[in-house]
Amino acid sequence: MYKTTSSSLLRAASSRSPLLSSRSSLTQSSSSSSAASASPSPPSSLLGRRPFATSSPAFRSLPRWSHCLHSRPSPFRLSSQIRAVSPGLDRLERKFSSMASEHPFKGIFTTLPKPGGGEFGKFYSLPALNDPRIDKLPYSIRILLESAIRNCDNFQVTKEDVEKIIDWEKTAPKQVEIPFKPARVLLQDFTGVPAVVDLACMRDAMNKLGSDSNKINPLVPVDLVIDHSVQVDVARSENAVQANMELEFQRNKERFAFLKWGSTAFQNMLVVPPGSGIVHQVNLEYLGRVVFNTQGVLYPDSVVGTDSHTTMIDGLGVAGWGVGGIEAEATMLGQPMSMVLPGVVGFKLSGKMRNGVTATDLVLTVTQILRKHGVVGKFVEFYGDGMSGLSLADRATIANMSPEYGATMGFFPVDHVTLQYLKLTGRSDETVAMIEAYLRANNMFVDYDEPQQDRAYSSYLELNLDNVEPCISGPKRPHDRVPLKEMKADWNSCLDSKVGFKGFAIPKEAQEKVANFSFNGKPAEITHGSVVIAAITSCTNTSNPSVMLGAGLVAKKACDLGLQVKPWIKTSLAPGSGVVTKYLLKSGLQEYLNQQGFNIVGYGCTTCIGNSGEINESVGAAITENDIVAAAVLSGNRNFEGRVHPLTRANYLASPPLVVAYALAGTVNIDFETEPIGTGKNGKDVFLRDIWPTTEEIAEVVQSSVLPDMFRATYESITKGNPMWNELSVPENTLYSWDPKSTYIHEPPYFKDMTMDPPGPHSVKDAYCLLNFGDSITTDHISPAGNIQKDSPAAKYLMERGVDRKDFNSYGSRRGNDEIMARGTFANIRIVNKLMNGEVGPKTVHIPSGEKLSVFDAAMRYKSSGEDTIILAGAEYGSGSSRDWAAKGPMLQGVKAVIAKSFERIHRSNLVGMGIIPLCFKSGEDADTLGLTGHERYTIHLPTDISEIRPGQDVTVTTDNGKSFSCTVRFDTEVELAYFNHGGILPYVIRNLSKQ
């Protein structure tokens, strides 16, 4: 099916002709006088933006402007505006001006001419370095190289850093550290609220230290899209969008007002209102620049986001990935990201997908292949003849699921398909011409019409697209792919198998159980595998017209044959942008989706992030009273247990057309090849093949229904906000007035009693084990997510403050309140803690007393008695969505260290950012092999002088019962050691900014 090879460096196809073969040193190149007047990249606070300014203060206090070159304001006018609102930026601008003649690479700063005369701007030319090593670099690494060259000041970014990147073939295997300065930052509201809370709190801390609070201001463009708050409270109704938005504003009015305050109090921050779309689809269709043109300086777009699926933009040829919000906040404030120079896996795609196979089938196949290969901490770069048959939307689908296959990025270099998509989505012809000219001039464009040459990769994979077959993934993990033809057998195997990722341990005699109930006065029944939630949702798929229109065609064919989804199945459709609604309406297919119950419920993530809303009470009662393993089928990217809905133990990821098909079948316990979906109006059996559209049918509808004007109209309208958003009133203060009675926004204690002197490394002595975990503990297990359970510590906190249960809202919506989030940490109802001897749920044993308590109550008891705590864990600790609170929560609970077999990349970074020590057991060892039960007390022998700690060094851990073992400290860079020395990344930033 696919080929895999690993070697130190394997070669794969490149799109360029060889450059000059003579090699000159960096010193010679940079001292050239060919561009003596060159200036470095301007401060990122001056970066060009699309026009979101409105007549109301709904969005921001500074205007934004278009990608289009003709509508970019003059540098003089822009500089005046920025100087007027931020003297700090003025100082930074003067610093850059003074550096102009000193830039180490001014010799390669050259002009990019327009074909008809004049120039697009100037840029740092990689070919002008005359270094043959650059010819072999993966395209994704070239973006890191260009950024390092442009930002090189021999302070934050040095010429030595540039050399490391150029010498990638030799340096990447050594795990060398490099700085990276992304062009912009992307946020969604769940992660954006705590980020803005932290920025507001940092301003207060600066004030208390006697420094200028206005130094806390984003220095790179920040886009925040509110998409995580809408829930599917109302479904199967033509009024669902309006009804759900009204409920969204009722629940979140305080949060939304806070974000609106942030958009005016902080410079360079855009907030896109609720109801506009899913952040990653908005980024793909509108916010993504591909190439910036800032005051005449051209450079590649790049972005880090506080959502792990930021990688979706990689499908557009924009380097982007998820980071912890704490790290993103530092990036906003001008700090370079410290990262290990990654290896790059070259993934060759050949052939063409068969008729009826979808992009979802492809991405689930790719995810399984890459998980098996092992790509954590690496870039994956796609290339090959098969690329020509992949639409931009198909590429974005694959890039979106990078977190699921474990890579930092799944990158698709810009080619002709990219340019066509940019035109389709309303980018101007002049902008697209500039993008193509710049990328060709800087050898960052792939032209598959030209001869291909070798390019170096760390390892190599190949997939023939003809081998991809229809599939789904589940029932508990996105990388557990199941070919559709094997689904019935796999389902029955899951019923038989012991409880685990592929098992529910249902006794044979109970597997045929039928639960009867009454639905709206009519008899109904469900069994194991019955579908109770069917949701077309998530940026992964709703950005792809082929699968969305494919779902509409399935619904139409089903209606034509007389099939109908059972009324007790909660069906929903949540598009990623208003463009989807426009083309579904134009095609006439929305009507048929409505008939099957897939009415549009809102524009946001909904079911994919657990905002599925309640299912019918009679259905819920039938599930719980009969212990039914009910199923959810969704076109999302995450299906971890407990995430989609508390009552759906089986959750499957599927393409939108298959979501409709499973809803029609009413069960996942079906072989679509041999068993009918239902009975048609003529009394004949109807099979999946009878309602499945051909590739040609889908392509025809896409061609006639997806038009550029739809994108232009959609994004012109969202700049106007909506009445509910525009009516929110916010104060004009630049310092936030904290309301101690608020249960949504609360001043966190991170900087309490902070001084200018860093506290230094903290010791861990005689710590108790708060929790003892096995493998694959995700951020869904750790971080507060989903609904607030009525008997939880968070519920008790809210009720003590007079909040009715109906107004609890979700944990995600209350991420701006540290008191609630600390109480919700490790509150997942499906969490398995070895200290509880098989009992599942959010409890632990308080070791000194032997009492079983909620995790929060046990942690507070340890904390009040002055005892440190640690966590033991298995492999892949912290996998899943990027969530700050998976690190902030444990820190507030008093956790000092986590000892695991391995960590997910972003979560490890977040732990470091909050001052928690991540340690890895040695290969072949874990808590079980070492005989650790979690009832011991642990001392971590870490030096108390930061100068004596080195990245990745070994330390000894001892227990009070005489055990001793060695662990690797996962501070991966010198910068992370500096964060640890300061007690975390945010105190580090505050102290450094205070000194400036």
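Given the structure is predicted, the values throughout are model-derived calculations rather than measurements. The first residue in the sequence is number 1, and the count goes up from there.
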Backbone N or O of Val482 within a donor-acceptor pair of the Glu486 side chain at under 3.5 Å?
no
Any side-chain donor paired with an acceptor under 3.5 Å for Ser458 and Lys378?
no
Check whether any side-chain heavy atom of Asp466 lies under 4.5 Å from a side-chain heavy atom of Arg354, and answer yes or no.
yes
Which pair of heavy atoms, one from Ser538 and one from Gly636, lies closest together, and at what distance?
CB-CA, 3.4 Å
Side-chain donor-acceptor pair present, Tyr460, Glu462, cut-off under 3.5 Å:
yes
Without hydrogens or angle criteria, can the side chains of Ser587 and Ser705 be said to hold a donor-acceptor pair below 3.5 Å?
no
Can you find a side-chain donor-acceptor pair between Thr537 and Thr606 that sits under 3.5 Å?
yes
Which heavy atom in Ser577 sits nearest to a heavy atom in Gln281, and how many Å separate them?
OG-NE2, 3.4 Å
If the test is side-chain contact (heavy atoms from CB on, under 4.5 Å), which one of Val532, Val232, Thr648 qualifies with Lys570?
Val232
Return yes when atom CG of Asp490 has more than 12 non-hydrogen atoms of other residues, nucleotides or ligands closer than 6.0 Å, and no otherwise.
yes
In terms of heavy-atom contacts, Leu688 and Ala661 come closest through CD1-CB, 3.6 Å
Answer yes or no: is there a side-chain heavy-atom contact under 4.5 Å between Leu316 and Leu392?
yes
Sub-4.5 Å side-chain heavy-atom contact between His416 and Tyr448
no
Where does the angle between the aromatic ring planes of Phe504 and Trp491 fall among parallel (under 30°), tilted (30 to 60°) and perpendicular (over 60°)?
tilted
Pair Val357, Leu465 - check side chain to side chain contact (heavy atoms under 4.5 Å, CB included), show working.
CA-CA 10 Å; Val357 175; Leu465 297 176; over 6 Å; no
Determine the minimum heavy-atom distance between Ser302 and Pro182, stating which atoms define it.
OG-CA, 3.5 Å
Is the backbone N or O of Ser350 less than 3.5 Å from a side-chain atom of Asp385, with the two atoms forming a donor-acceptor pair by type?
no
Heavy atoms from other residues, nucleotides or ligands near NZ of Lys352 exceed 12 (cutoff 6.0 Å):
no
With Ser655, which of Val660, Thr360, Val363 fulfils side-chain contact (heavy atoms from CB on, under 4.5 Å)?
Thr360
Val633/Ile472 under side chain to side chain contact (heavy atoms under 4.5 Å, CB included): CA gap, chis, key distance, verdict
CA-CA 9 Å; Val633 183; Ile472 62 176; 6.0 Å; no
Go through the side-chain N and O atoms of Asn669 and Lys488 and say whether any donor and acceptor fall under 3.5 Å apart.
yes
Working note: Val345 + Tyr457, criterion side chain to side chain contact (heavy atoms under 4.5 Å, CB included); need CA distance, chi angles, decisive distance, verdict.
CA-CA 6 Å; Val345 176; Tyr457 288 121; over 6 Å; no
Can you tell me which residue pairs pass the salt bridge (Lys or Arg N to Asp or Glu O under 4.0 Å) test with a partner in residues 393-408, sequence neighbours excluded?
Arg395-Asp415, Glu404-Arg638
Would you check if the distance from the ring center of Tyr662 to the ring center of Phe672 is below 6.0 Å?
yes
Hey, are Asp361 and Thr358 close enough side-chain-wise for a donor-acceptor pair under 3.5 Å?
yes
Is there side-chain contact between Val580 and Leu573, with at least one heavy-atom pair below 4.5 Å?
no
Find out whether Tyr715 and Ser276 are in side-chain contact, i.e. whether some heavy atom of one side chain is under 4.5 Å from a heavy atom of the other.
no
Is there a side-chain contact between Thr310 and Val304, using heavy atoms and a 4.5 Å cut-off?
no
Taking the side chain as everything from C-beta on, heavy atoms only, tell me whether Ser402 gets closer than 4.5 Å to Thr408.
no
Indicate whether any N or O donor in one side chain lies under 3.5 Å from an N or O acceptor in the other, for Asn400 and His280.
no
Got more than 12 heavy atoms from elsewhere within 6.0 Å of CD, Glu673?
no
Exceeds 12 heavy-atom contacts within 6.0 angstrom, atom NZ of Lys586:
no
With a 4.5 Å limit on heavy-atom distance, are the side chains of Leu390 and Phe382 in contact?
no
Would Ser776 and Glu876 count as having a side-chain donor-acceptor pair, cut-off 3.5 Å?
yes
Side chains of Tyr603 and Thr581: any donor to acceptor distance under 3.5 Å?
yes
Looking at Glu697 and Lys557, is there a salt bridge between them, counting it only when a charged N and a carboxylate O are closer than 4.0 Å?
yes
Shortest non-hydrogen pair, Pro342 vs Ala172, comes out as O-CB, 3.9 Å
Within 6.0 angstrom of Gln703 CD, more than 12 heavy atoms from elsewhere
no
Using side chain to side chain contact (heavy atoms under 4.5 Å, CB included), reason through Val554 and Trp692 one step at a time and then give a plain yes or no.
CA-CA 6 Å; Val554 170; Trp692 199 258; 4.1 Å; yes
With Ala534 via side chain to side chain contact (heavy atoms under 4.5 Å, CB included) - residues at least two apart:
Val531, Ile569, Thr571, Phe598, Val659, Ala663
Strictly distance-based, threshold 3.5 Å: is any side-chain N or O of Gln596 a donor or acceptor partner for the main-chain N or O of Leu563?
yes
Please find the pair of heavy atoms, one from Ile278 and one from Ala574, that lie closest to each other, and give the distance.
CD1-O, 4.5 Å
Going by atom types only, do Thr694 and Asn355 share a side-chain donor-acceptor pair under 3.5 Å?
no
